[in-house]
Amino acid sequence: MALFGAFSAGKSSFANALLGESVLPVSPHPTTAAVNRILAPAEGKSHGTAAVRMKSRDMWWDDLKYSFSVLGLQEPNPGNWRSVAEELNPAGIHPAGLPHYGFLKAAAAGFDVMESKLGTTETVELAEYRGYVADETKSCFVDGIELYYSCPMTEQGIVLVDTPGADSLHARHTGVTFNYIKNADAIVYVTYYNHAFSKADRQFLSQLGRVKDSFALDKMFFIVNAADLAQSEEELDEVVKHVRTNLTSSGVGSPHIFPVSSLAALDSKLYGDEAKLKESGFPVFEGALSRFAVEELPRLSERAGYDELASVRDRIRAWADMAAQDETTRERKIVEMEEVHQQALSRLAALTEINMSRDIAQESSELLFHVRQRLDYAMNRFFQESFNPSVLREDAGHLKSAFAACGRDLMRTLSLELDQELWATTLRLEMAGRKLTEEAALKAAADINGMGEGLSLAIRRDKDWSPPELEETELHIQGDWLSFWPTFKNPKHFFEGSGSSKLREAAEPKVKEAVASVVSIREEQLTDHYVRMSERSLQHHGSVLEEQLKESMAAILGSLQDGQSPLMWSKLADELDVMIQAAR
């Protein structure tokens, strides 16, 4: 179960309420928070211990370089980066750059203690674990943590993954976030009562909106935390309505929203106050989550299992009918089935040789054309969010450097948006590729089943569709943002006059050119990857069907040659039928 939410949304208190104990600390500086996995003790791990995995030296240095670039600083070098970081002050830094300012300050302060730990994993007790989460001078060196904790939730086999906030430094690692969105059995997004949705929130929620309909089940749950702050039911209803409106505008249709008080829920669980627990709203959420985990998720697997059993039952009935025929008929059918076997093998060979590169390339081209269109449509909003009056004002000072910082923020925003679009595109391409290969395999199976009596081949879903390896996008325009400085005479002229529109008119073609260049490269990468995946998938389906064919032919020829008792096959088919009916 993956837990998402912005800083100050109360994710830690919500996780503690789920666990039933005050386990996770509330970090005052969450900008570099690492992925936290909370799971039951296993493989010799003791309750209350944590495996803290530090960043590798290369990974940490990449983060350092990225933060330097966000703040418009020259690339760091090992000899002077600490002195540069220590001399930084927040004046003139774009608001989007402040987390990077905090990261550099913490990295400089903790470097002496933490440098030797880079690239290592150490096991610590609970108190030390909390330090690695809450102390920024330590947490900025951490890549991930696995906390082994025994409680009713984890003992059920549930793994709680507490992810970095949408507004953290880690938000740029869109591939990691997307992996949790795609592969988690359940997604929980936590927002705070009366919390204003930030740009980072909206970008993350848009990503959920892009992929929500791609999942077989609606696995998303949205939490309004601190609901006990509402003065009345009417006020709470208005807050829930506000959250629903924001989710809907982000593309998340029909969201499941649960207002709760995490602090009240934790307190009531600690002291066994059932009435207070009910008032917290937590049981309603936990009930919905339990129904999802216990009923809806298993139902998907059960349905596939029933279909497989029904196919086997039908196959066995056909074998019973064959075994009941006279010897002359059986001898003739043996010859026929041996010919069918060769024809079927030829049909499977043809399946694995199908070339789907044209279809995949066309799908990729169409999807990425729409990605570029959506970015074009959103360009005006991105410009307004990056070049805004709260940053470019007369009393702020350093207007020229602030102007350049606004440009860099625009490119970072677009880079993140493009990467999120690209990861959503991978899901759509996977679905398209799966559909193509499954349809081809179904056609092959149907052709073979029609070749001879007793054949009932069925495809099995190919699980091995790995995602592509995509580099994080860092968009840059040709030249420097200060080349557009002449469009900015003063804040009043820029925002109330023509300055802002002149900037867009001059800069937008260069921005779109940068986007188009990256999209062109990614289109080729995605097409190549999913062509390979489709080829591998056809091989998978061919192997599965060939194995089924081999088993079926052995059973059919065995029953025909040996005159095996039709009663035995009929009895087995009846037993399977009873099993299927009882399970349903």
Side-chain angles (χ1 to χ4, degrees), residues 1-5 10-30 32-57 59-60 106 110 112-165 168 170 176 179-180 183-188 190 262-263 265-272 277 282 286 289-290 293-294 297:
M1 180 166 62
L3 191 57
F4 296 96
K11 264 198 314 148
S12 296
S13 61
F14 177 79
N16 286 335
L18 273 177
L19 297 168
E21 299 175 53
S22 189
V23 181
L24 275 68
V26 178
S27 171
H29 305 289
T32 58
V35 172
N36 243 317
R37 295 178 77 243
I38 299 109
L39 62 164
E43 299 176 0
K45 305 294 185 181
S46 301
H47 167 71
T49 63
V52 182
R53 185 179 66 256
M54 305 299 175
K55 295 174 183 175
S56 68
R57 190 170 291 273
M59 188 187 302
W60 179 80
D112 285 338
V113 173
M114 299 299 296
E115 181 192 12
S116 63
K117 297 185 179 184
L118 288 172
T120 68
T121 298
E122 59 179 22
T123 300
V124 300
E125 298 296 324
L126 199 56
E128 197 172 351
Y129 153 79
R130 290 182 175 127
Y132 276 116
V133 174
D135 183 347
E136 186 78 347
T137 64
K138 293 180 179 178
S139 66
C140 69
F141 293 88
V142 175
D143 181 36
I145 302 176
E146 293 202 338
L147 173 64
Y148 299 96
Y149 203 85
S150 179
C151 66
M153 190 190 78
T154 59
E155 291 301 334
Q156 293 178 55
I158 295 175
V159 177
L160 180 63
V161 182
D162 184 15
T163 68
S168 75
H170 289 258
V176 176
N179 184 56
Y180 283 113
N183 296 316
D185 294 308
I187 293 169
V188 180
V190 183
S262 296
L263 293 177
L266 175 60
D267 191 54
S268 59
K269 286 185 177 183
L270 288 172
Y271 296 103
L277 180 61
F282 227 79
E286 289 181 315
L289 182 66
S290 177
V294 175
L297 272 179

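By the side chain to side chain contact (heavy atoms under 4.5 Å, CB included) test, S22 pairs with N16, L266, sequence neighbours left out. Not counting sequence neighbours, R130 has no partner by the salt bridge (Lys or Arg N to Asp or Glu O under 4.0 Å) test. For E128, the salt bridge (Lys or Arg N to Asp or Glu O under 4.0 Å) criterion is met by no residue, not counting sequence neighbours. Residues passing the salt bridge (Lys or Arg N to Asp or Glu O under 4.0 Å) test with K269, sequence neighbours excluded: E286. In this structure E21 satisfies the side-chain hydrogen bond (donor to acceptor under 3.5 Å, both in side chains) test together with Y149, sequence neighbours excluded. Qualifying ring-ring contact (aromatic ring centres under 6.0 Å, His included) partners for F14, counting only residues two or more places apart in sequence or in other chains: F282, F285. Evaluation of the side chain to side chain contact (heavy atoms under 4.5 Å, CB included) rule for N179 yields N183 as partners, not counting sequence neighbours. Taking the side chain to side chain contact (heavy atoms under 4.5 Å, CB included) definition, one finds that T154 meets it with L19, I38, A40, C151, sequence neighbours left out. A search for salt bridge (Lys or Arg N to Asp or Glu O under 4.0 Å) contacts involving E122 returns K117, not counting sequence neighbours. Taking T121 as the reference, nothing meets the side-chain hydrogen bond (donor to acceptor under 3.5 Å, both in side chains) condition, with sequence neighbours excluded. The side-chain hydrogen bond (donor to acceptor under 3.5 Å, both in side chains) check on E146 picks up R37, Y148, with sequence neighbours excluded. Among residues two or more places apart in sequence or in another chain, the side-chain hydrogen bond (donor to acceptor under 3.5 Å, both in side chains) test is passed with T137 by D135.
For the atom pair Y132 OH and R53 CZ, the distance stands at 13.5 Å (nearest 0.5 Å). Residue D162 holds its CG atom at 10.5 Å from CE of M1, rounded to the nearest 0.5 Å. The CG atom of L24 sits 4.0 Å away from the OH atom of Y129 when rounded to the nearest 0.5 Å. Note that CG of D267 is 12.0 Å distant from OG of S262, once rounded to the nearest 0.5 Å.
Counting only heavy atoms from C-beta outward, the side chains of T49 and E125 approach each other to under 4.5 Å.
Across F4 and K11, no two heavy atoms sit closer than the pair C-CD, 3.4 Å. A pairwise comparison of heavy atoms in A186 and L289 identifies CB-CD1, 4.3 Å as the closest pair. Residues G119 and M54 come closest through the heavy atom pair N-CB, 3.9 Å. Considering all non-hydrogen atoms of both residues, P41 and K45 come closest at CB-O, 3.3 Å. Of all non-hydrogen atoms in S150 and H47, the two that sit nearest each other are N-ND1, 2.9 Å. When every heavy atom of L3 is checked against every heavy atom of A15, the shortest pair comes out as CD2-CB, 3.8 Å.
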For V52 and V142: C-alpha separation, side-chain torsions, deciding distance, then whether side chain to side chain contact (heavy atoms under 4.5 Å, CB included) applies.
CA-CA 7 Å; V52 182; V142 175; 4.0 Å; yes
